[in-house]
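In what follows, a structure is listed as structure tokens, so that the remarks can point back to it.
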Amino acid sequence: MTDELSRNEHIKQASQFLRGTLAEGLTDSSTGAIAEDDQQLVKFHGMYMQDDRDLRPERTRKKMEKAFSFMIRVRMPGGVVTPQQWLALDHIARTYGNGTMRLTTRQTVQLHGIIKSNLKAMMREIDAVLLDSIAACGDVNRNVMCNPNPSESRAHAAAIELARAISAHLTPRTPAYREIWLDGEKIAGGEEEVVEPIYGKTYLPRKFKIVVAVPPSNDVDIFAHDLGYIAIRDGAGEVVGWNVTAGGGMGMTHGEPETYPRTADMLGFIGTADAVKVAEAVVTVQRDWGNRANRKHARLKYTIEDRGLDAFRAEVERRAGVTFGAARPFTFTSTGDRYGWTHGDNGSSHLTLFVENGRIHDVGGKQQMSALRRIAELHDGDFRVTANQNLIIANVPADKQTEIHWIAKEAGLLAPWSGLRRNAMACVALPTCGLALAESERYLPSLIDALDGSLAAHGLSSDDIVIRMTGCPNGCARPYLAEIGLVGRGPGRYNLYLGAAFDGSRLSKLYLPDVDHDGIVAALDPIFKAYAAGREKGERFGDFTIRAGFVAKTGNGADFHANTGALKQTVAA
Ligand code: SRM
Ligand code: SF4
């Protein structure tokens with residue numbers, strides 16, 4: 001390992017707490033872009049500079065600048081927004097963006113296609129409804145996720161309260177955000193510990209992600225995250241404290257086995273009063289121990305692997321002044337959403353909608369943007385984005401249920417019959433993601449059409465099987481925790497992973513590398529057939545693929561790359 005700091009560390013160091021030359025860059029009308037270093041800094045403000053990759057060849061031919069625009073990601077702990085906030089996001093998407101809204105795998109909303117000259121007007125609209133985008137991206141704690149399950153309202157109340165408290169505590173303090181986007185008064189830089197008492201001048205070595213889960217649902221995929229809290233309840237359903245997990249992450253790079261996805265380890269049990277203290281301690285240990293030379297080895301998962309879990313736990317305990325108790329028993333049953341109507345223990349009702357791959361738009365017969373706008377106009381409960389890219393219309397009074405139900409049904413927002421589609425997620429990928437190697441969001445629906453044919457032939461149409469696709473190995477749709485994972489390698493080609501646990505507790509294993517559409521369908525059909533014929537009672541598809549000998553079981557971390565490949569060949573690779 002070299003001691004030299006990565007380029008991003010120098011950019012942060014010189015940025016005066018995330019200012020860089022962003023303010024000046026916004027006024028430069030000669031280009032739709034911003035300066036290279038500012039492209040890194042703008043992430044901390046919740047934005048990515050992108051270009052429409054569909055338009056690249058034509059614009060290159062015409063010797064034009066790339067079609068630059070910005071993606072904005074809103075910070076909304078636990079995925080909760082009011083109908084007024086929803087309407088503001090809808091308005092921004094239609095006025096400044098590409099006319100679509102994108103629910104993300106981390107319970108936020110992304111708006112794509114906003115050109116530079118519209119950024120400040122857009123940020124003002126976000127601010128006007130008391131939302132912001134600070135720290136939605138960048139080397140800081142991101143949007144804090146939490147189980148959105150409104151029907152368990154007491155446990156959910158505790159979970160969202162914790163998610164909000166952690167989010168508030170770990171939000172960067174720099175005044176740069178208000179100064180740049182909202183023309184706030186310029187405040188002098190000051191001493192670093194005053195400006196950013198937790199992060200300091202160079203923030204964290206890498207992105208940092210926190211989740212709060214309420215068993216039995218693992219819909220937030222707790223083991224994929226840097227830091228996680230699992231609600232532990234007493235016999236009366238009250239939350240008595242939290243099991244804390246650390247060191248999960250998905251990102252890796254093809255062909256670099258020293259990078260790997262990893263499921264989080266258990267640190268132990270703590271009471272609610274210690275939860276925020278522990279979050280701060282974990283973050284500061286990672287701030288000080290994390291690798292600042294190599295960004296591919298900078299996530300907390302590698303810090304824990306390098307230093308050892310015991311040393312890491314001891315340092316967190318020392319800094320927080322807290323001793324972890326033995327982890328308390330809990331059971332997760334699934335990572336999916338519960339579609340349709342649920343009724344809470346406080347008498348309220350909630351409707352979980354199916355939004356295919358999180359993309360909300362008005363196309364063809366499906367006027368989903370308009371439908372959700374109508375719902376927001378008549379609804380006075382709240383909207384909750386799930387970690388599966390879906391949406392819950394929460395706290396609906398009895399007199400509004402029929403109308404909301406029919407608006408959603410007409411727009412095709414009720415869950416489909418296919419067990420595969422109900423449990424599918426795809427990352428954004430092309431045309432906006434600069435890192436995509438293959439299609440994902442635009443392709444997965446048609447792959448599911450094909451796989452549904454095969455599942456129907458084997459009588460498995462309505463079986464819940466988790467499938468996730470990403471356009472590259474970064475893992476934005478958490479594909480390595482899916483029973484069927486597809487990860488882009490190049491145009492039209494994917495690595496096929498099998499064998500993850502249905503409850504999100506075990507990573508998958510590479511089954512076939514570099515396969516195309518026909519190869520994927522041909523490889524899976526005989527496995528579906530074998531599953532239909534040979535599964536044990538209640539046996540999940542992921543568990544079956546291991547027991548039946550199709551793939552080896554993945555333990556943790558580096559073991560992901562061991563013993564890969566089809567143990568039992570179904571088709572020629
Ligand atoms: Fe992600 C980078 C989209 C969740 C791991 N992710 C990106 C960027 C910003 C591409 C870039 O850096 O230029 C993508 C923007 C695409 C676009 O056009 O919108 C992008 N990530 C997404 C979203 C929108 C996927 C989705 O379809 O919903 C998710 C937004 C979450 C949010 O609201 O905050 C999203 N990304 C995730 C997750 C899932 C999660 O956190 O539960 C992961 C895996 C978990 C993890 O962090 O380990 C994830 N994204 C990455 C990585 C790899 C990180 C790593 O440790 O190696 C990158 C690339 C990077 O950071 O260098 C990345
Ligand atoms: Fe882009 Fe890769 Fe993330 Fe998909 S997984 S959104 S292709 S970075």
Side-chain angles (χ1 to χ4, degrees), residues 8 39-40 42-43 46-53 69-77 79 98 100 102-113 133 135-145 205-211 219-226 228 247-254 256 259-264 294-302 335 355 357-359 385-390 425-444 468-481 485-489 504:
N8 286 52
Q39 289 170 32
Q40 296 304 320
V42 82
K43 297 180 186 178
M47 275 175 232
Y48 280 78
M49 194 182 97
Q50 305 182 314
D51 74 287
D52 187 329
R53 294 179 59 183
S69 66
F70 290 77
M71 173 268 275
I72 171 108
R73 186 182 285 168
V74 181
R75 189 172 63 94
M76 34 197 274
N98 66 1
T100 79
R102 181 58 159 70
L103 310 182
T104 76
T105 54
R106 300 201 76 253
Q107 296 183 289
T108 59
V109 175
Q110 283 188 180
L111 306 170
H112 292 93
S133 64
C137 324
D139 296 343
V140 275
N141 174 51
R142 307 282 187 95
N143 193 49
V144 179
M145 290 166 69
R206 205 61 164 88
K207 54 176 66 167
F208 194 89
K209 299 179 173 180
I210 303 181
V211 292
D219 57 354
V220 290
D221 254 327
I222 195 155
F223 300 108
H225 298 270
D226 296 280
M250 293 283 101
M252 65 159 203
T253 307
H254 288 313
E256 295 186 16
T259 66
Y260 44 82
R262 184 180 193 276
T263 43
N294 175 5
R295 287 180 68 78
K296 286 192 177 179
H297 197 79
R299 294 292 295 271
L300 180 65
K301 61 183 178 183
Y302 299 120
T335 55
V355 181
N357 301 327
R359 182 68 65 180
V385 178
T386 79
N388 288 294
Q389 304 172 321
N390 289 314
M425 281 207 289
C427 74
V428 177
L430 294 162
T432 53
C433 179
L435 306 177
L437 305 171
E439 293 282 352
S440 181
E441 178 191 316
R442 297 195 293 195
Y443 165 52
L444 184 61
R468 296 175 182 172
M469 174 178 277
T470 55
C472 85
N474 281 322
C476 297
R478 303 185 287 270
Y480 314 112
L481 286 169
L486 291 150
V487 175
R489 283 204 66 107

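One-based numbering, in listed order, for ligands and for the atoms of each.
Heavy atoms of M145 stay at 4.0 angstrom or farther from ligand 1. Distances shorter than 4.0 angstrom do not occur between any heavy atom of C137 and any atom of ligand 1. Residue R478 places a heavy atom less than 4.0 Å from ligand 1. Using a non-hydrogen distance threshold of 4.0 Å, L435 registers as a contact of ligand 1. K296 does not count as a contact of ligand 1, since none of its heavy atoms falls under 4.0 Å from the ligand.
Scanning R206, K207, Q50 for the heavy atom closest to atom 62 (O) of ligand 1 points to R206. The option with the heavy atom closest to atom 33 (O) of ligand 1, from among T108, V385, D221, is T108.
For G434, no nitrogen or oxygen atom sits less than 3.5 Å from a nitrogen or oxygen atom of ligand 1, counting backbone and side chain alike. At a 3.5 angstrom cut-off on N or O pairs, A136 does not count as close to ligand 1. Residue Y48 places no N or O, backbone or side chain, under 3.5 Å from any N or O of ligand 1.
Ring-plane geometry between Y302 and Y260 is classed as perpendicular, the angle between the planes exceeding 60 degrees on a 0 to 90 degree scale with a lower cut at 30.
Among all non-hydrogen protein atoms, the one lying nearest atom 27 (O) of ligand 1 is R102 NH2, 2.9 Å. Taking atom 5 (C) of ligand 1 as the reference point, the nearest protein heavy-atom neighbour is N474 O, 3.3 Å. The protein heavy atom nearest to atom 18 (O) of ligand 1 is T432 OG1, 2.6 Å. Given atom 44 (C) of ligand 1, the protein heavy atom at minimum distance is G475 O, 3.2 Å. Atom 1 (Fe) of ligand 1 has its closest protein heavy atom at C476 SG, 2.3 Å. Summary of contacts: the protein heavy atom closest to atom 4 (C) of ligand 1 is T105 OG1, 3.2 Å. The closest protein non-hydrogen atom to atom 46 (C) of ligand 1 is R299 NH1, 3.4 Å. K209 NZ, 3.4 Å is the protein heavy atom nearest to atom 49 (C) of ligand 1.
Side-chain atoms of R359 and T100 form a donor-acceptor pair, as typed in the model, at a separation below 3.5 Å.
For residue C427, no N/O/S atom approaches atom 1 (Fe) of ligand 1 to within less than 2.8 Å.
Between the H254 side chain and the G488 main chain, a donor and an acceptor come within less than 3.5 Å of each other. Within the 3.5 Å criterion, the main-chain N or O of C427 finds no donor-acceptor partner in the side chain of T470. Using modelled atom types, one side-chain atom of R478 and one backbone atom of T105 make a donor-acceptor pair closer than 3.5 Å.
Qualifying side-chain hydrogen bond (donor to acceptor under 3.5 Å, both in side chains) partners for K43, counting only residues two or more places apart in sequence or in other chains: Q40.
Under 2.8 Å from atom 4 (Fe) of ligand 2, one finds the following protein N/O/S atoms: C427 SG.
Proximity of E441 to ligand 1, defined as any heavy-atom pair under 4.0 Å, is not found for any part of the residue. Of the heavy atoms in R73, only side-chain atoms (C-beta onward) come closer than 4.0 Å to ligand 1.
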Go through K209 and D221 one step at a time and tell me if the salt bridge (Lys or Arg N to Asp or Glu O under 4.0 Å) criterion holds.
-> CA-CA 12 Å; K209 299 179 173 180; D221 254 327; over 6 Å; no
